Amino acid sequence: MKVRIAPSILSADFGRLAEEIRMCEEGGADVIHLDVMDGRFVPNITFGAKVIATARKATKLPLDVHMMVLEPENYFESFAAAGATGMTIHVEAAPHLQRQLSRIRELGCLAGAAVNPGTSFGGIREVAGDLDLLLVMTVNPGFGGQEFIPASVNKVARARHILDEMKSRAALEVDGGIARDTIEKVWRAGADTFVAGNAVFTAQDPKAEIEALRRICLETV
Ligand code: DX5
Ligand code: ZN
């Protein structure tokens, strides 16, 4: 299985955002993860389309936009126009999940669904055919630098089982507290896409850290 490392720019220096993104690209990142927060779905505010457009200019890598917002459909058009490659919405904020995921695909983007630690997979099986990515949150979203929730490992294994059972080829992403000491467990459990904010941007050598995270997975059989 391929390992995809997705640095989250939430922990980057926003005064040097383009450079930070280029550094991730040079370090071999597969995807750039952008955390959009609205201060309503989560108790923090980050950024919107303007920063997505800035990231788009800085790199050719896919831009994976994680939407921690209520009524995410209000932003689909502007984020797609700004250059998002994929948009991931939270099932807790998506009463019409199937319609919302289809709309993301209609706009030419990859469609993702995210579940918080306290949310079960509920209707995920029903939308398996509409999904390009399933994001299992391994912290409660809102902030970078939080501690990985150990019960997530079992949850990732269950997510893998569901995707396999539904013959889905969706990526299985984990987000929150992913670092050298946690990545191996979620990789073994079946995740293939790893968001890392703090681990990458607080490292002395962020490029080497991206490589180190990937190596831990590849050396684990
Ligand atoms: C958390 C965000 C994450 C965050 C991860 O709400 O969704 O993407 O940036 O940060 P770390 O890797 O520091 O836990
Ligand atoms: Zn995120």
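These numbers come from a predicted model, not from an experiment. Both counts, for ligands and for their atoms, begin at 1 and track the order of listing.
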Would you call [X]-[Y] a salt bridge at under 4.0 Å N-O?
X      : Y      : result
Glu25  : Lys60  : no
Glu184 : Arg188 : yes
Arg103 : Glu106 : yes
Arg125 : Glu165 : yes
Arg169 : Asp132 : no

Distance check, rounded to the nearest 0.5 Å: Gln100 atom CD versus Ile89 atom CD1?
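Output value for this atom pair is 4.5 Å.
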
Sub-4.5 Å side-chain heavy-atom contact between [X] and [Y]:
X      : Y      : answer
Val174 : Val156 : yes
Ile52  : Leu34  : yes
Phe41  : Glu71  : no
His90  : Met67  : no

Does an N or O anywhere in [X] fall below 3.5 Å from an N or O of ligand 1?
X      : result
Met37  : no
Met68  : no
Gly197 : yes
Ser11  : no

Taking just the N, O or S atoms of [X], which one is nearest to the Zn ion (ligand 2)?
X      : answer
His66  : ND1
Asp35  : OD1
Asp175 : OD2

Testing the 3.5 Å rule here: is there a donor-acceptor pair between the side chains of His66 and Asp64?
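There is no such pair between these side chains.
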
Can you find a side-chain donor-acceptor pair between Asp35 and Thr46 that sits under 3.5 Å?
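Thr46 and Asp35 do not have a side-chain donor-acceptor pair below 3.5 Å.
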
Using a 4.0 Å cut-off to any heavy atom of [X], which atoms of ligand 1 qualify?
X      : value
His66  : 7 (O)
Val195 : 8 (O)
Gly176 : 14 (O)
His33  : 8 (O)
Ala196 : 12 (O)
Pro141 : 6 (O)
Phe143 : 1 (C), 6 (O)
Leu10  : 4 (C), 9 (O)

Just to confirm my output: which protein heavy-atom neighbour is closest to [atom], and how far is it?
atom                    : value
atom 2 (C) of ligand 1  : Asp35 OD1, 3.4 Å
atom 3 (C) of ligand 1  : Asp175 OD1, 2.9 Å
atom 6 (O) of ligand 1  : Gly142 N, 2.7 Å
atom 14 (O) of ligand 1 : Gly177 N, 2.8 Å
atom 10 (O) of ligand 1 : Gly144 CA, 3.6 Å
atom 9 (O) of ligand 1  : Ser8 OG, 2.9 Å
atom 11 (P) of ligand 1 : Gly145 N, 3.6 Å

Does ligand 1 have any atom sitting under 4.0 Å from a heavy atom of Ala199?
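Judged by the 4.0 Å heavy-atom criterion, Ala199 does not count as contacting ligand 1.
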
If you count heavy atoms of other groups shown closer than 6.0 angstrom to CZ of Arg99, is the number above 12?
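No, CZ of Arg99 has 12 or fewer neighbouring heavy atoms, counting only those of other groups under 6.0 Å.
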
Would you say that more than 12 heavy atoms from the other residues, nucleotides or ligands in this model lie under 6.0 Å from the CZ of Arg158, or not?
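Yes.
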
